[in-house]
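What follows is a single structure, written as structure tokens, with notes after it.
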Amino acid sequence: MRDAYHEELDSISEGLVEMARLVGSAIGRATTAILDADLKLAENVIAADEKVDGLHRDLEARAIALLARQQPVATDLRIVVTSLRMSADLERSGDLAQHVAKLARLRFPERAVPRDLHATILEMGQLAQRLMAKAGEVIITKDVDLALQLEQDDDAMDLLHRTLFQHLMDDRWKHGIETAVDVTLLGRYYERFADHAVSVAKRVVYLVTGEHADEIASSTAVEGA
């Protein structure tokens with residue numbers, strides 16, 4: 001019984017890794033769709049989100065069943081509860097990738113992103129994909145140091161997000177209100193996607209240490225002072 005219980009815990013972890021892989025791929029493909037006005041790819045991303053949603057529902061059901069059957073305590077309880085929260089973060093990440101793809105579909109056959117912002121949006125998409133790949137690695141390895149790095153990596157996304165707003169507020173902006181709204185939404189989608197990747201990593205820190213990532217960062221800063 002105990003072996004089966006731990007196999008189920010391992011299975012939940014594997015489901016989280018698969019969700020991270022799928023949403024990381026989704027944001028990468030959605031970025032290509034939005035930049036290339038690729039309707040077929042956008043439709044594929046939108047449809048593929050159902051698999052992420054299905055994994056989320058399945059993982060949630062298994063985690064709740066474990067809570068009911070096994071009534072875990074201490075570390076095992078932390079694993080189950082934290083896994084539920086990570087699954088929710090990953091499901092929302094999938095929704096954000098889908099939002100990018102839906103915007104590509106909405107503006108087709110036009111391109112939602114002006115040519116002079118392509119490089120910035122491409123960089124945001126690539127960074128979002130790397131952050132989620134690292135979050136997936138953290139789930140597998142339970143590497144606390146790697147998990148803590150993600151928040152620093154996210155600073156680059158915040159900088160790109162600010163760069164977008166600088167373009168929007170520039171007096172030389174010539175792409176109109178509709179495009180300004182599209183770019184504003186895209187910036188928000190990528191920024192929130194990165195936030196969810198960081199949240200997943202922070203939850204792994206709590207899972208491993210029983211402490212919140214912010215508490216560890218604060219204590220490390222004090223020790224280094």
Side-chain angles (χ1 to χ4, degrees), residues 19-20 22-38 41-42 45-46 49 52 85-86 88-107 110-138 146-205 212-214 217:
M19 287 182 74
L22 288 172
V23 301
S25 173
I27 198 67
R29 290 182 295 123
T31 301
T32 299
I34 198 78
L35 293 178
D36 295 349
D38 188 329
L41 184 57
V45 173
I46 293 164
D49 189 54
V52 175
R85 290 172 176 166
M86 285 193 285
D89 277 316
L90 294 168
E91 189 271 336
R92 291 183 191 118
S93 299
D95 288 344
L96 290 162
Q98 188 183 58
H99 291 339
V100 174
K102 283 182 175 179
L103 185 55
R105 182 175 67 181
L106 177 66
R107 298 303 176 210
E110 303 300 324
R111 297 172 189 261
V113 180
R115 178 61 62 182
D116 54 335
L117 289 179
H118 270 219
T120 303
I121 293 296
L122 177 60
E123 191 173 353
M124 292 181 87
Q126 291 174 339
L127 178 57
Q129 194 167 6
R130 288 197 303 272
L131 283 166
M132 191 55 72
K134 189 176 282 191
E137 184 180 350
V138 167
L146 184 63
L148 292 172
Q149 285 176 19
L150 257 81
E151 192 156 16
Q152 296 175 359
D153 296 341
D154 184 48
D155 290 342
M157 183 66 83
D158 293 337
L159 180 59
L160 288 167
H161 195 206
R162 288 195 295 272
T163 298
L164 278 185
F165 271 99
Q166 288 170 359
H167 280 280
L168 291 168
M169 299 303 292
D170 196 308
D171 291 338
R172 292 169 293 178
W173 177 263
K174 59 182 184 297
H175 304 295
I177 294 174
E178 184 177 86
T179 300
V181 172
D182 289 347
V183 170
T184 300
L185 288 172
L186 280 173
R188 182 61 174 163
Y189 296 154
Y190 286 115
E191 191 242 352
R192 289 299 299 144
F193 187 98
D195 285 346
H196 284 302
V198 172
S199 179
V200 168
K202 284 183 173 182
R203 296 191 196 285
V204 173
V205 172
H212 294 288
D214 294 341

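Because the structure is a prediction, the values reported are computed rather than measured.
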Practice problem: Give the intermediate values and the outcome of side chain to side chain contact (heavy atoms under 4.5 Å, CB included) for residues Glu151 and Lys202. | Solution: CA-CA 9 Å; Glu151 192 156 16; Lys202 284 183 173 182; 3.3 Å; yes

How long is the gap from [atom1] on [X] to [atom2] on [Y], to the nearest 0.5 Å?
X      : Y      : atom1 : atom2 : answer
Phe193 : Thr31  : CZ    : OG1   : 8.5 Å
Gln149 : Asp154 : CD    : CG    : 13.5 Å
Arg85  : Arg203 : CZ    : CZ    : 6.0 Å
Leu117 : Thr163 : CG    : OG1   : 10.0 Å
Thr179 : Glu110 : OG1   : CD    : 9.5 Å
Asp155 : Met157 : CG    : CE    : 11.5 Å

[Y] and [X], any side-chain heavy atoms less than 4.5 Å apart:
X      : Y      : answer
Arg111 : Asp36  : yes
Leu103 : His99  : no
Glu178 : Val181 : no
Tyr190 : Val100 : yes
Leu90  : His196 : no
Leu41  : Thr32  : yes
Leu160 : Leu164 : no
Val52  : Asp49  : yes

Practice problem: Tell me, please, which residues at least two apart from His175 pass ring pair (Phe, Tyr, Trp, His ring centres under 6.0 Å). | Solution: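 For His175 the ring pair (Phe, Tyr, Trp, His ring centres under 6.0 Å) partners, ignoring immediate neighbours, are Trp173.
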
Quiz item: Step by step, would you call Arg188 with Glu191 a salt bridge (charged side-chain N to carboxylate O under 4.0 Å, His left out)?
Solution: CA-CA 5 Å; Arg188 182 61 174 163; Glu191 191 242 352; 2.6 Å; yes

Quiz prompt | Pairing residues for Ala101 by the side-chain contact (heavy atoms from CB on, under 4.5 Å) criterion, not counting sequence neighbours | solution =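 For Ala101, the residues satisfying side-chain contact (heavy atoms from CB on, under 4.5 Å) (neighbours in sequence not counted) are Ala30, Ala42, Val45, Ile46.
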
Self-check item: More than 12 heavy atoms of other groups within 6.0 Å of Ile177 CD1
Solution: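 Not buried by this count: 12 neighbours or fewer within 6.0 Å.
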
Show every donor-acceptor pair shorter than 3.5 Å between a side-chain atom in residues 119-136 and any protein atom, with sequence neighbours excluded, or say none if there are none.
from	atom 1	to	atom 2	distance (Å)
Lys134	NZ	Asp153	OD2	2.6

Quiz item: Of all heavy-atom pairs between Val138 and Ala201, which one has the smallest distance, and what is that distance?
Solution: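 Here Val138 and Ala201 meet closest at CG1-CA, 4.4 Å.
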
Quiz prompt | Least distance between heavy atoms, Ile34 atom then Ala104 atom | solution =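 The pair with the smallest heavy-atom distance is CD1-N, 3.3 Å.
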
Quiz item: Under 3.5 Å, is there a donor-acceptor pair between the Ser25 and Arg29 side chains?
Solution: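 Yes, side-chain donor-acceptor contact under 3.5 Å.
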
Self-check item: Full working for side chain to side chain contact (heavy atoms under 4.5 Å, CB included) between Tyr189 and Ile27
Solution: CA-CA 10 Å; Tyr189 296 154; Ile27 198 67; over 6 Å; no

Quiz item: Below 4.0 angstrom, N of the basic side chain to O of the carboxylate: do Asp195 and Arg192 qualify?
Solution: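 Salt bridge flag = yes for Arg192 with Asp195.
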
